[in-house]
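Data first, discussion second: the structure below is written as structure tokens.
Positions are given from 1, in the same order as the sequence printed here.
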Amino acid sequence: MNKLALHEMPEDQLLACLGGIYEHSIWVAKALLDGGISKADNDPNLLAHRMKVIVDAASDEAKLTLLRAHPELAGKLAIAGNLTAESTAEQASAGLDKCSQAEFEQFQNLNADYTAKFGHPFIIAVRGLSRADILAAFHQRINNDLATEFNSALNEVHKIARLRLFELAA
């Protein structure tokens, strides 16, 4: 992240740069700024860790809100073209924008069942995964209990954030 020189950016630019690392959850970036930014934060590993600590220290209600801020995979927002640029690129990297009708229907049914059971969308860091990989994980994780899946979803959110930070650093 050295080329970004985060420690030299004004606050509004930092918020614009880091505000979307956790999907629609600018509060994470604001809490990071409240703790101060140093030259060491140009390292995406350190920055990912600092942001993870902020999320992990948040209330369960704040974490659930963060999970609910994520879009469904191959869901209505994707179809309507209303995903964030980051989510659009991530879903496209896994070919979710090229689902067959049968795959699309499977995603829709799994999305509905999963959200009804857990109260938030299924979240997985899709980069490097195929549609088949994602569907297999969906089928496996839908059988988790609430606490296990809450933690699984948060871990995936952290993976997504880390990938986004490394993308910024590239």
Side-chain angles (χ1 to χ4, degrees), residues 1-99 107 111 120-131 133-134 137-138 141 149-170:
M1 204 153 303
N2 291 329
K3 75 175 188 175
L4 292 177
L6 295 174
H7 64 290
E8 296 176 356
M9 286 184 187
E11 187 172 308
D12 60 336
Q13 190 178 356
L14 271 166
L15 287 176
C17 184
L18 300 176
I21 297 299
Y22 282 85
E23 190 90 9
H24 298 295
S25 299
I26 197 166
W27 62 268
V28 179
K30 287 180 178 178
L32 179 76
L33 295 182
D34 288 347
I37 297 291
S38 73
K39 190 172 184 175
D41 291 310
N42 293 323
D43 175 355
N45 283 308
L46 176 65
L47 196 58
H49 175 74
R50 286 192 62 208
M51 293 180 94
K52 179 184 184 303
V53 167
I54 290 165
V55 171
D56 289 346
S59 68
D60 283 348
E61 182 179 323
K63 292 174 191 170
L64 182 58
T65 300
L66 185 149
L67 295 178
R68 287 178 174 160
H70 280 260
E72 292 179 336
L73 296 177
K76 297 176 192 103
L77 290 176
I79 295 163
N82 291 329
L83 295 177
T84 63
E86 295 88 355
S87 288
T88 299
E90 290 158 0
Q91 290 199 25
S93 77
L96 294 177
D97 57 338
K98 300 193 180 353
C99 286
F107 272 109
N111 280 326
H120 58 81
F122 177 77
I123 301 167
I124 189 168
V126 299
R127 200 165 293 161
L129 300 178
S130 68
R131 291 188 303 271
D133 295 333
I134 296 164
F138 222 142
R141 284 178 46 198
E149 191 52 28
F150 187 82
N151 289 326
S152 293
L154 277 175
N155 286 333
E156 292 297 319
V157 166
H158 291 314
K159 287 181 195 175
I160 293 165
R162 179 179 220 73
L163 289 166
R164 288 177 177 179
L165 286 169
F166 273 89
E167 181 102 355
L168 279 177

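- Residues satisfying the side chain to side chain donor-acceptor pair (under 3.5 Å) criterion with R50, sequence neighbours excluded, are D41.
- Under the rule for a side chain to side chain donor-acceptor pair (under 3.5 Å), S93 has no partner lying at least two apart in sequence or in another chain.
- Not counting sequence neighbours, the partners of A125 by the side-chain contact (heavy atoms from CB on, under 4.5 Å) test are E156, K159, I160, L163.
- Between R164 and E23 there is a salt bridge, since a side-chain N of the basic residue sits under 4.0 Å from a carboxylate O of the acidic one.
- The main-chain N or O of G95 is found under 3.5 Å from a side-chain atom of R131 such that the two form a donor-acceptor pair.
- The side-chain heavy atoms of L165 and M51, taken from C-beta on, include a pair separated by under 4.5 Å.
- Residues in residues 24-38 take part in no salt bridge (charged side-chain N to carboxylate O under 4.0 Å, His left out) pair, two or more places apart or across chains.
- For D133, the side-chain contact (heavy atoms from CB on, under 4.5 Å) partners are L129, S130, not counting sequence neighbours.
- One distance of note links NE2 of H120 with NE2 of H70; it measures 10.5 Å at 0.5 Å rounding.
- Closest approach of W27 to A58, counting heavy atoms only: CH2-CB, 3.7 Å.
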Side-chain donor-acceptor distances from residues 8-17 under 3.5 Å, at least two apart:
none

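- For Y22, the ring-ring contact (aromatic ring centres under 6.0 Å, His included) test picks out H158, with sequence neighbours left out.
- Listed by first then second residue, pairs satisfying side-chain hydrogen bond (donor to acceptor under 3.5 Å, both in side chains) with a partner in residues 58-67 number zero, not counting sequence neighbours.
- Applying the side chain to side chain donor-acceptor pair (under 3.5 Å) rule to N45 yields the partners R162; only residues at least two apart in sequence or on another chain are considered.
- The side-chain contact (heavy atoms from CB on, under 4.5 Å) check on H7 picks up A5, I37, K39, N42, with sequence neighbours excluded.
- The shortest non-hydrogen separation linking I54 to A31 is CG2-CB, 3.6 Å.
- From L168, atom CG reaches atom CG of L47 across 9.0 Å, with rounding to the nearest 0.5 Å.
- The aromatic rings of F138 and F122 lie parallel to each other, with less than 30° between the two planes, well short of the 60° mark.
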Candidate pair L18 and V28, rule side chain to side chain contact (heavy atoms under 4.5 Å, CB included), full reasoning
CA-CA 9 Å; L18 300 176; V28 179; over 6 Å; no

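- Under the side-chain contact (heavy atoms from CB on, under 4.5 Å) rule, I123 has a single partner from L154, N155, L67, which is L67.
- Taking CG from L73 and CD1 from I134, the interatomic distance works out to 6.0 Å, rounded to the nearest 0.5 Å.
- Applying the side-chain contact (heavy atoms from CB on, under 4.5 Å) rule to A40 yields the partners S38, L46; only residues at least two apart in sequence or on another chain are considered.
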